[in-house]
Amino acid sequence: MVAKILSGALHGVDGIKIEVEVDMVGGMPAVDIVGLPDSAVKESKERVRTALRNSGMAMPPKRFTINLAPADIRKEGPAYDLPIALGILVSAGMLPANALHGVFVAGELSLDGQLRPIHGVLPMVHSAVAGGNCICIVPPDNAREAALVDGARIIAPENLGQLIQHFKGKLLPEYKPSHKEAGFNEGETPLDFADVHGQEGVKRALKISAAGGHNILLIGPPGSGKTMMARRMPGILGSLAFEQSLDVTKIYSVAGLIQDKGQLIDSRPFRSPHHTISYSALVGGGKVPRPGEVSLAHNGVLFLDELPEFARNVLEALRQPMEDGNVTISRVNSTITYPCNFVLVASMNPCPCGYFGEGDKCSCTERNVSKYLDKISGPLLDRIDIHVEASRVNYEDFSGGKQETSAEIKAHVERAQEIQRKRYAGEKIYSNAQLSGGLIDKYCQLDEEGKVLLKRVYDAMDLSARGYHKILKLARTIADLDNAPDINQSHIAEAVQCRALDRKYWR
């Protein structure tokens, strides 16, 4: 007879249904696995054979054909060990034929029959439950992660022997997570802007960036606090909604980076790759495609320190993800899309030595400065909404009294974000930075004085269409911070200041 066991695979950050079909016939003992398996899947027959024997259920000396359907999807990893083992037992008549009807199964087997954790359990269980399969059998180390899916009934046996006895009538209890396990985690205590003295202009720019989801570039000499302020950005971005947390957790599940295996990621991701990072490590890819840093920063912050030190081709790879909010990786067998709606925070020195414009302190020639700045292309710079200069901190700034805390800034940011959520409730976007051309015309209404000023700025600065739209989106965010229904002249003026710094350095 043919046994059919439901399992799953990953396509990007989504789970897809895989049916493991096992057929037993007479003939020379053999196990054939078909359905586009990779090496790890092909090797599962040896793990399964040994695990069955060590669990007291020796594989019959028959010929087994195992098909992983649909056959045109590449199957990767050891997650099919457990469904293959159960399929062999059902097809051989060692387990009841209806025991696994409508049950999702995934897990790696060790040679002694123990169940080992796998990557991507959350999206696979989420897909299975959405398809009407509520009972899910997963390794115990993945149980808390799987239990995050509403409606999932989790069974997490320690080993194959326990699971066999379960189907023979000695039922295992369903996994019941505690309240703490099923809820949000606490995350790390964010760094506080109260530690930052001076730099009021940069703080204001970061507040605008956080409120509207705008990319930002900080330019200034060494020691001016660029990195210090960038690392405090997640603390003012606002809390993640449940669906956003679930999206982030699914990405980290696929990447195998959920450390405690069972709590939603409730804090904004903050990714800070070194400037030696490769193209595929940043945007995703590899022989077996995996999410890159841009996707791991989804709904959070991607911080690129010392921006000109990154390879030119790596920086240029950011252009499409920054524009579209997702990245597509194409391979011969499939095309995978990962979400990457992040806020880019980049920092750099104004010249190789870092002291451009400070008289004798700068040792760079004009050619060296030009060569250094030209590492940042015009199209990439045009996609960064805010350019702000971090000046040297004066002695008086350290005795300037109480500084605004991250909690105070966050409260202001969240009020502006709530305005945007209500405004765009029917538009499938969440922030001003996501506005497209048609929506800009609809939601970025200017008063007469604002229109006059914007026309003068457009002509004087010779703006591109993208630059024009960036100013409107920035002005919309500034108006939201002021709780103003329409954009006025002062909002346009501040938005232009946020976009004017490139004229100073990139002439």
Query raised in the report: Is it true that a side-chain atom of Glu19 and a backbone atom of Lys4 form a donor plus acceptor pair closer than 3.5 Å?
Result: no

Query raised in the report: Taking Lys176 for the side chain and Glu174 for the main chain, is one N or O donor matched with an acceptor at less than 3.5 Å?
Result: no

Report summary line: Residues Val25 and Lys62: closest non-hydrogen pair is O-CB, 3.4 Å

**Report entry** Partner residues of Glu158 under the salt bridge (Lys or Arg N to Asp or Glu O under 4.0 Å) criterion, sequence neighbours left out
**Finding:** none

**Report entry** Tyr430 OH: over 12 foreign heavy atoms closer than 6.0 Å
**Finding:** no

Requested in this report: Decide yes or no for Asp32 and Arg63: does some side-chain heavy atom of the first lie under 4.5 Å from some side-chain heavy atom of the second?
Outcome: yes

Query raised in the report: Are Asn432 and Leu435 close enough that some pair of their side-chain heavy atoms sits under 4.5 Å apart?
Result: yes

Query raised in the report: For the side chain of Gln420 and the backbone of Ala211, is there at least one donor-acceptor N/O pair under 3.5 Å apart?
Result: yes

Query raised in the report: What pair of heavy atoms forms the shortest contact from Tyr338 to Pro289, and how long is it?
Result: OH-O, 3.3 Å

Requested in this report: Could you list all the salt bridge (Lys or Arg N to Asp or Glu O under 4.0 Å) pairs where at least one residue sits in residues 116-136, not counting sequence neighbours?
Outcome: Glu108-Arg116

Query raised in the report: Crowded around Asn483 CG? As in, over 12 foreign heavy atoms under 6.0 Å?
Result: no

Query raised in the report: Under the 3.5 angstrom rule, does the side chain of Arg271 hit a backbone N or O of Val294 as a donor-acceptor pair?
Result: no

Query raised in the report: Considering only heavy atoms from C-beta outward, does the side chain of Val31 approach that of Met59 to under 4.5 Å?
Result: yes

